[in-house]
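These notes concern the structure reproduced below.
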Amino acid sequence: MKLGINLGYWGAGMDGDNLAVAQEADRLGYAVCWAAEAYGSDAATVLSWVAAKTERIDVGSAIFQIPARQPAMTAMTAATLDSLSGGRFRLGLGVSGPQVSEGWYGVKFDKPLARTREYVEIVRKAMTRERLSHDGEHWTLPLPGGPGKPLKLTVHPTREHIPLYIAAIGPKNLEQTGEIADGALLIFPSAAHLEDTAVKYLRAGREKAGKTLDGFDVCPTLPLALGDDKDVTTLADTFRPYTALYVGGMGSRKQNFYNQLAQRMGYEKEAAEIQDKYLAGDKAGAAAAIPHELIDQTTLLGSVERIADRMKAYKEAGVTTLTLAPAGFTLDERIAALRAGTEALERAGLA
């Protein structure tokens with residue numbers, strides 16, 4: 001099992017620290033450094049800067065938002081980043097959510113599965129450097145009856161095949177991801193529930209494509225907080241606002257994929273209470289309503305030994321790249337957590 005690092009969103013007051021974290025991850029041998037985007041910093045610019053300041057670590061988008069870019073633009077960006085980084089780019093895609101898609105980009109959040117499948121088809125075709133034509137439900141290239149003609153990508157990616165990941169949570173999206181992608185980006189993963197909430201759907205998708213999970217990258221992101229095992233409850237409490245935001249306030253009441261995931265993990269009543277309080281403006285109450293077990297199951301908390309044991313569980317559950325989001329109020333704390341990740345992997349016998 002390999003390790004990754006997720007820098008999250010740029011522009012949160014830790015930009016210089018984020019670069020130092022990426023450089024230390026590069027030095028420690030982490031496999032990939034991911035960057036996110038929502039409605040602030042874009043991931044492509046961040047990744048180009050990180051790639052220029054590192055030597056070996058892959059750089060990946062987690063994720064490029066599908067409503068933000070035409071598929072041909074995404075192919076151009078992926079090819080350019082792969083070329084500039086010397087073949088170190090990984091393309092992560094996701095549909096985002098209805099509030100961002102419709103509120104920020106003005107793109108209707110409808111038929112997300114069909115839109116994703118078609119988007120991936122166009123991106124893959126463009127990156128093969130074939131002349132691009134496509135006749136689908138959501139995109140038609142070239143536009144009929146006009147001056148457009150099939151064009152081909154002029155940039156030569158360093159590699160013939162750039163790894164393509166999809167951020168997936170729901171069963172249907174997970175199954176499609178297994179069918180059409182090279183990896184899955186997961187969030188709020190519980191090792192105890194991973195088979196039933198994700199892996200079995202990914203496996204079904206691979207079988208549809210006549211493949212197995214061999215070579216497919218199951219890549220969840222977990223926050224990590226280093227500390228004494230006696231203080232695990234205190235460590236978990238630091239992630240209450242984060243968990244409340246996603247389970248309670250990310251998306252609309254009817255379309256909150258993280259809330260639905262918590263329900264599938266057995267927290268139906270609690271997920272409903274968290275959402276009710278968060279949407280009513282009681283963020284503190286929503287955070288307080290989160291069961292400690294939900295946080296502990298979806299983070300890495302405590303000593304290196306405890307984290308190592310949890311890493312073994314994720315490996316047994318099918319994880320191939322474990323992406324860490326090290327917590328800390330200072331750069332030194334985040335670097336310490338980063339180093340603890342590599343030490344825990346070695347103690348688990350998984351390095």
Q: Decide yes or no on side-chain hydrogen bond (donor to acceptor under 3.5 Å, both in side chains) for S303 and D229, but give the supporting numbers first.
A: CA-CA 6 Å; S303 65; D229 288 349; 3.0 Å; yes
Q) Which pair of heavy atoms, one from I335 and one from A20, lies closest together, and at what distance? A) CD1-O, 4.1 Å
Q: Could you check if a side-chain atom of N173 sits within less than 4.5 angstrom of a side-chain atom of Y201, using non-hydrogen atoms only?
A: no
Q | Minimum heavy-atom distance P67-V107, with the two atoms named | A | O-CG2, 3.6 Å
Q: Would you please classify the geometry between the Y39 ring and the W104 ring as parallel, tilted or perpendicular, with 30° and 60° separating the classes?
A: tilted
Q: With rounding to the nearest 0.5 Å, note down the distance linking CG in L3 to CG in L28.
A: 9.5 Å
(Q) Within the 4.5 Å heavy-atom criterion, are L294 and E270 side-chain neighbours or not? (A) no
Q. Hey, mind stepping through R310 and D296 against salt bridge (Lys or Arg N to Asp or Glu O under 4.0 Å) and telling me if it holds?
A. CA-CA 10 Å; R310 295 292 304 284; D296 193 24; 3.7 Å; yes
Q) Which distance, rounded to the nearest 0.5 Å, do you find between the CG of L186 and the CD1 of I169? A) 8.5 Å
Q) About how many Å separate OG of S85 and CG of D58, when rounded to the nearest 0.5 Å? A) 7.5 Å
(Q) Can you confirm whether R159 sits close enough to F89 that some side-chain heavy atom of one is under 4.5 Å from a side-chain heavy atom of the other? (A) yes
Q: Could you point out which residue of T177, I63, T116, V120 forms a side-chain contact (heavy atoms from CB on, under 4.5 Å) with L93?
A: V120
Q.
Show me the pairs that pass ring pair (Phe, Tyr, Trp, His ring centres under 6.0 Å) and involve residues 139-187, at least two apart or across chains.
A. W34-Y165, Y119-W139
Q) Going from CZ on R334 to CG on L324, what distance comes out if it is rounded to the nearest 0.5 angstrom? A) 12.0 Å
Q.
Can you see whether D237 engages T234 through a side-chain donor-acceptor pair at a distance of less than 3.5 angstrom?
A. no
**Q.** D282: side-chain contact (heavy atoms from CB on, under 4.5 Å) partners, not counting sequence neighbours
**A.** K277, A284
Q | Residue pair N18 / Y9: nearest heavy atoms and the distance that separates them | A | ND2-O, 4.3 Å
Q) Using 4.0 Å as the upper bound for N to carboxylate O, is an ion pair formed by R88 and D82? A) no
**Q.** Side chain to side chain, S61 and L91, heavy atoms closer than 4.5 Å
**A.** yes
Using distance only, find each side-chain donor-acceptor pair of residues 187-199 under 3.5 Å and give its atom names and separation, not counting sequence neighbours.
from, atom 1, to, atom 2, distance (Å)
S190, OG, A192, N, 3.4
S190, OG, H193, ND1, 3.0
H193, NE2, M265, O, 3.3
E195, OE1, R203, NH2, 3.3
E195, OE2, R203, NH1, 3.0
T197, OG1, H193, O, 2.8

Q | Short N-O contact, D182 and K211, less than 4.0 angstrom | A | no
Q.
I'd like to know if K152 and E130 make a salt bridge, using a cut-off of under 4.0 Å between side-chain N and carboxylate O.
A. no
(Q) Under a 4.0 Å threshold between the charged nitrogen and the carboxylate oxygen, would R27 count as salt-bridged to E24? (A) yes
Q.
Applying salt bridge (Lys or Arg N to Asp or Glu O under 4.0 Å) to R115 and D110, what does each step give before you reach the verdict?
A. CA-CA 8 Å; R115 187 181 295 272; D110 61 346; 3.0 Å; yes
Q.
If you define the side chain from C-beta out and look only at heavy atoms, does anything of I274 sit under 4.5 Å from K269?
A. no
Q: Return the minimal non-hydrogen interatomic distance between L245 and Y278, and the atom names on each side.
A: CD1-OH, 3.3 Å
Q) Any cation-pi pair here, R206 with F216, using under 6.0 Å and within 45°? A) no
**Q.** Where A43 and A35 come nearest, the two heavy atoms and their spacing
**A.** CB-O, 3.8 Å
Q: Indicate the atoms forming the closest heavy-atom contact of P220 with T321, along with that distance.
A: CD-O, 3.3 Å
Q: Decide whether Y105 and Q65 meet the rule of one side-chain donor and one side-chain acceptor closer than 3.5 Å.
A: yes
Q. Is E137 salt-bridged to R117, cutoff N-O under 4.0 Å?
A. no
Q: Give a yes-or-no answer on whether the side chains of Q263 and N259 include a donor-acceptor pair shorter than 3.5 Å.
A: yes
(Q) For a 4.5 angstrom cut-off between non-hydrogen side-chain atoms, does R347 reach M311? (A) no
Q.
Measuring only between side-chain heavy atoms, which start at C-beta, is L132 closer than 4.5 Å to I122?
A. yes
Q.
For a 4.5 angstrom cut-off between non-hydrogen side-chain atoms, does D42 reach T45?
A. yes
